[in-house]
Amino acid sequence: MVTVVGIRFKKAGKIYYFDPDEITIEKGQNVIVETARGVEFGEVVVGPKEIKEDDIVAPLKKVLRVATLEDEIENNQNIEKEKEAFEICLEKIDTHQLEMKLIDVEYTFDNNKVIFYFTADGRVDFRELVKDLAAVFKTRIELRQIGVRDEAKMIGGIGPCGKGLCCATWLGDFEPVSIKMAKEQSLSLNPTKISGICGRLMCCLKYEHETYQCLRENLPEQGEKVITPDGEGIVIANNVLLESVKVRHILEKTKRGQENKLSDDIFVYHKEQIKRMKCCCKKVQEEIVSGGEKQAEE
C-alpha cells in the first residue's frame, strides 16, 4: 500500500495522485508540486489515503510544499497574465490569418511555459505564430489543439437540463458514450435531443446505463413468449423503470412455424406476475421488433 494525496489543477479537472512525502497535508489546502510540465500550483481534493501500488503510475512524484501566501499571490498574478496573453494571441492569430479558434491560455506556476489551447477543423501551420509568441513572452510556447468536448469543458455553459455543464462543474474525466445507451433507455434518437452543446452525445447518458442494464436483464424482450395469470402471451413492449411488460394474449395456437392468433387488447403485467418461456416464432419476433424500431425512427 502507498500513501497518496489527490490533487486537481483546474476546476473539474482530472485528479492526479502525488506522494505527500511526510508533509502534513489536509483536504482543501493548496500545494506546490512538480509535474511533467514543470512546477505547478494545485488544490488537494483527496486527503491522504492508502491505495494499492497497481493503482498508481510509477514513479510517484512528491509534493514540494504546502502553498504559502507568496505562492498564492504569484498564482493570482499568473491568472491575470493569462488574460493578457489571450488578447495578444488573438491579435497574432488575426495577423497571420489562421483558421483556428483560441479557447484558453495557461501559465505554468514557474512561468517556464505558456500553453495555448485552440480548436480547428483540420491541421494548422502555426510555426510562424509560435515564433511571434516566443518573441513576446520570452519563454517556451506550446500550442495544443483540443476537441469539442474539451472546448465545452473549458468554456462552460448551460446544458439542456438547465444546469451548468457536468464537464465544466464536476466531471473530472470523459467516459465513452454510445448511441446504444440511448436506445436501452428508450430515449428519442433525434440527435438534437440526445446531444450536448458540444455536439457529441450527452455524458449523462452514461449515468443510468448500468441501472437500465441490470433492470432489463430481468425483463422479457419484445417478441418473447411468457405465461401470465390469464394465459400465454407475447411481449410487445416493456417498461424498464416500472419493471412491467405489455402483452397480447395468444387466443389460438397454430402449427409450428406459423403465426399465432393474438388478442387485440393489450395487457400490462409486473415482472413478478409473469413467467418467461422460450422465445416465440422468429417471424413474430422480427415483426414486433421491426415495428418498434420504425416507431422510434418516426
Side-chain angles (χ1 to χ4, degrees), residues 12 15 55 149 152-153 158-251 253 259-260 262-298:
I15 298 174
D55 295 334
R149 283 194 164 185
K153 186 180 183 71
I158 304 298
C161 59
K163 295 184 177 182
L165 298 181
C166 296
C167 59
T169 53
W170 63 270
L171 190 62
D173 207 359
F174 293 111
E175 294 187 20
V177 184
S178 67
I179 194 69
K180 181 181 178 183
M181 296 178 183
K183 289 182 178 179
E184 291 187 348
Q185 295 175 44
S186 302
L187 299 176
S188 169
L189 301 185
N190 186 336
T192 60
K193 294 184 178 181
I194 57 176
S195 299
I197 65 172
C198 62
R200 299 290 190 266
L201 292 173
M202 293 189 294
C203 294
C204 53
L205 293 177
K206 174 73 175 177
Y207 301 162
E208 298 178 1
H209 179 58
E210 292 183 3
T211 301
Y212 271 86
Q213 280 188 317
C214 182
L215 294 176
R216 194 177 292 278
E217 286 180 358
N218 299 320
L219 285 178
E221 299 177 356
Q222 289 180 334
E224 188 173 340
K225 184 182 290 186
V226 294
I227 298 177
T228 74
D230 303 309
E232 294 183 7
I234 303 296
V235 176
I236 62 169
N238 54 37
N239 188 315
V240 178
L241 294 180
L242 296 179
E243 297 186 88
S244 63
V245 293
K246 292 182 179 180
V247 176
R248 290 173 66 186
H249 291 148
I250 299 175
L251 301 179
K253 291 185 179 181
E259 186 176 344
N260 295 319
L262 303 178
S263 64
D264 293 329
D265 294 331
I266 297 175
F267 302 85
V268 180
Y269 297 96
H270 191 268
K271 70 173 185 178
E272 296 179 353
Q273 295 178 288
I274 60 175
K275 182 178 179 182
R276 303 179 69 172
M277 298 174 59
K278 291 182 179 179
C279 195
C280 66
C281 71
K282 186 176 181 181
K283 181 180 177 182
V284 174
Q285 185 178 9
E286 289 178 349
E287 287 179 356
I288 293 174
V289 173
S290 63
E293 291 178 347
K294 187 176 180 182
Q295 290 179 356
E297 291 176 358
E298 293 175 352

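Any value given below was found using the heavy atoms of this structure, including those in side chains, with hydrogens, waters and symmetry copies removed. Since this is a predicted model, take the numbers as computed values, not measurements.
- Taking CG from D265 and CG from D230, the interatomic distance works out to 11.5 Å, rounded to the nearest 0.5 Å.
- Between M202 and V177, the closest side-chain pair of non-hydrogen atoms is not below 4.5 Å.
- Partners of E243 according to the side chain to side chain donor-acceptor pair (under 3.5 Å) rule, which considers only residues two or more places apart in sequence or in another chain, are K271.
- Applying the side chain to side chain contact (heavy atoms under 4.5 Å, CB included) criterion to K163, with sequence neighbours excluded, gives C161.
- Going from atom CD1 of I274 over to atom CD1 of I227 covers 10.5 Å, rounded to the nearest 0.5 Å.
- Residues passing the side chain to side chain donor-acceptor pair (under 3.5 Å) test with N190 are T192, sequence neighbours excluded.
- Listed by first and then second residue, the ring-ring contact (aromatic ring centres under 6.0 Å, His included) pairs that reach into residues 175-201 come to none, sequence neighbours excluded.
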Step by step, work out the side-chain contact (heavy atoms from CB on, under 4.5 Å) result for L215 and T211.
CA-CA 6 Å; L215 294 176; T211 301; 4.1 Å; yes
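- Sorted by first then second residue, the ring-ring contact (aromatic ring centres under 6.0 Å, His included) pairs that include residues 210-231, not counting sequence neighbours, number zero.
- N218 meets the side chain to side chain donor-acceptor pair (under 3.5 Å) test with no other residue; sequence neighbours excluded.
- Counting non-hydrogen atoms of neighbouring residues, nucleotides and ligands closer than 6.0 angstrom, the CZ atom of R248 exceeds 12 such neighbours.
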Donor-acceptor pairs under 3.5 Å, side chain of residues 232-242 to any protein atom, not counting sequence neighbours: which ones?
| residue | atom | partner | partner atom | Å |
| --- | --- | --- | --- | --- |
| E232 | OE1 | K253 | NZ | 3.2 |
| E232 | OE2 | K253 | NZ | 3.3 |
| N238 | ND2 | P220 | O | 3.0 |
| N239 | OD1 | L241 | N | 3.2 |
| N239 | OD1 | L242 | N | 3.0 |

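- Under the side chain to side chain contact (heavy atoms under 4.5 Å, CB included) criterion, I158 pairs with no residue at all, not counting sequence neighbours.
- The two atoms that bring P191 and S195 nearest to each other are O-OG, 2.6 Å, heavy atoms only.
- In this structure, CZ on F267 lies 8.5 Å from OG1 on T228, to the nearest 0.5 angstrom.
- Of all the heavy atoms in A12 and C167, the pair that sits closest is CB-O, 3.6 Å.
- In this structure, Y269 and V247 have side chains that are in contact, with non-hydrogen atoms separated by less than 4.5 Å.
- Between atom CG of residue L189 and atom NZ of residue K183 there is a gap of 6.5 Å, rounded to the nearest 0.5 Å.
- Inter-residue side-chain proximity for V245 and V226 is flagged as unmet; no heavy-atom pair is nearer than 4.5 Å.
- Residues forming a side chain to side chain donor-acceptor pair (under 3.5 Å) with Q273 (at least two apart in sequence, or on another chain): none.
- By the side chain to side chain contact (heavy atoms under 4.5 Å, CB included) test, C166 pairs with W170, L171, Y207, sequence neighbours left out.
- Legend: residues meeting side chain to side chain contact (heavy atoms under 4.5 Å, CB included) with S178, ordered by chain and number and at least two apart, are K180, M181.
- For the side chain to side chain donor-acceptor pair (under 3.5 Å) with Q213, the qualifying choice from R216, E210, H209 is H209, the only one to do so.
- In terms of heavy atoms, E221 sits closest to R276 at N-NH2, 4.4 Å.
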